[in-house]
Chemist: 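Once you've had a glance at the structure underneath, I'll fire off some questions.
Letters A, B, ... mirror the listed sequences (proteins, then strands); counts begin at 1.
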2 protein chains.
Amino acid sequence: MMESIIPPTDHNVGKCMNAILPVRDALDVINGKWKLPIIISLTFGNKRFSEMAREIPAITDRMLSKELRDLEMNELVKRTVYDSVPVVVEYSLTPYGASLKKVIEELRMWGVEHRKRILGKA
Amino acid sequence: MMESIIPPTDHNVGKCMNAILPVRDALDVINGKWKLPIIISLTFGNKRFSEMAREIPAITDRMLSKELRDLEMNELVKRTVYDSVPVVVEYSLTPYGASLKKVIEELRMWGVEHRKRILGKA
DNA sequence: GTAAGTACTATACTAATGTATAGCTCTATA
DNA sequence: TATAGAGCTATACATTAGTATAGTACTTAC
């Protein structure tokens, strides 16, 4: 199996780009270590800043703050300030942010298998 | 809609971690700007170095070389050297690398919608 | 009045990622 | 003999991502 020594320069360069470009568009929005964890945390309900800081393992305030701003700009996350007596700020997923659910689910399933694989070796 | 002002500190912190940790395991392997594009390019067939360098928009030799090494270490990509008369080096996806297909497909579909959304605004 | 919580921002730094440019060995081709 | 691939590696550098630590303004609880 796995023979080939390269097929006669096929013309799927276009096909290949058609697959790569949308994925790069997606990656531009959800890249980095923290954006998906933040989005995942919000799929479990609306959260305040410090709740998220507690729930997301090892994130610093600075990164949480920065990434929330990014996600808000890209309209994946909504920030709502309630002018209650100590001010309460609530973060929620927009429907657009929620549309990442299937991506996240596939990634999670793959990650579970990957971890099994790695632990199997150690 | 979208009322809430935060529900009474619910106890889904554990649930949340169970979702976040596998996704982070997955991200550890496929993070960065180039790994998925490289894998995608290989889903269209085995490739030589310079073919990939041509097919993947704007990648430099250095990054291609570095990322291929990473992917090889994580056993997503296989490197085969044929001792033909000019030496030919062929890269291919391992079955493990191919197991990312569904993740990539979801990401691609999301990316297509995302691009529509962005172009709709401009 | 002190501690602790909420929601951050500021500063300073390191490490990782990515870019630009060049060079190497080898071979086939003009 | 020079040029152009193939498959890289080396050097230098810029940019981005991420970490560590501290501090602010406000408020309620002890």
Chemist: Work out which heavy atom in A:L107 is nearest to a heavy atom in B:A26; give both atom names and the distance.
Modeler: O-CB, 3.7 Å

Chemist: Can you measure A:Y91 atom OH to C:dT6 atom P for me and round it to whole angstrom units?
Modeler: 14 Å

Chemist: Just the rounded figure in Å: distance from P of C:dG5 to CD of A:E51.
Modeler: 14 Å

Chemist: Output the distance between atom CD (B:E72) and atom CD (B:E67), rounded to the nearest 0.5 Å.
Modeler: 13.0 Å

Chemist: Expressed as a whole number of angstroms, how long is the span from B:I30:CD1 to C:dT17:P?
Modeler: 14 Å

Chemist: When clusters are formed by joining ILVMFWY residues with side-chain heavy atoms under 4.5 Å apart, either directly or through shared neighbours, do B:F44 and B:L71 land in the same one?
Modeler: yes

Chemist: Give me the atom names and distance for the closest heavy-atom approach of B:L27 to A:K33.
Modeler: CD1-O, 4.5 Å

Chemist: When rounded to the nearest 0.5 angstrom, what is the spacing between CG in B:L68 and NZ in B:K47?
Modeler: 11.5 Å

Chemist: Mind telling me whether B:Y96 and A:W110 have parallel, tilted or perpendicular rings, with 30° and 60° as the class edges?
Modeler: parallel

Chemist: Can you measure A:L68 atom CG to C:dT6 atom C1' for me and round it to whole angstrom units?
Modeler: 14 Å

Chemist: Starting at the 5' end of DNA chain D, which residue's closest nucleotide do you reach first, A:P86 or B:V87?
Modeler: B:V87

Chemist: Distance check, rounded to the nearest 0.5 Å: A:R108 atom CZ versus A:E113 atom CD?
Modeler: 10.0 Å

Chemist: With rounding to the nearest 0.5 angstrom, report the CD1 to CZ distance, A:I56 to B:R24.
Modeler: 9.5 Å

Chemist: Give me the residues of residues 32-41 of chain A where at least one heavy atom lies under 4.0 Å from an atom of DNA chain D, by number, or none.
Modeler: A:G32, A:K33, A:W34

Chemist: Heavy atoms only: give me the nearest A:I20-B:P37 pair and the separation to one decimal.
Modeler: CD1-O, 3.7 Å

Chemist: In whole Å, what is the span from the CZ atom of B:R69 to the C1' atom of C:dT17?
Modeler: 14 Å

Chemist: Could you tell me the boundaries of the chain B footprint on DNA chain D, defined by atoms under 4.0 Å from its heavy atoms?
Modeler: D:dA6 to D:dA12

Chemist: Would you please confirm or rule out a distance under 4.0 Å between OP1 or OP2 of C:dT6 and any side-chain N or O of A:S50?
Modeler: yes

Chemist: Got a sec? Which of residues 57-67 of chain A come in under 4.0 Å of DNA chain C, heavy atoms?
Modeler: A:D61, A:R62, A:S65

Chemist: Taking all atoms of both residues into account, what is the closest heavy-atom pair of B:I40 and A:C16, and its distance?
Modeler: CG2-O, 4.4 Å

Chemist: Membership question, hydrophobic clusters at under 4.5 Å side-chain separation (ILVMFWY): are B:I30 and B:M73 in the same one?
Modeler: no

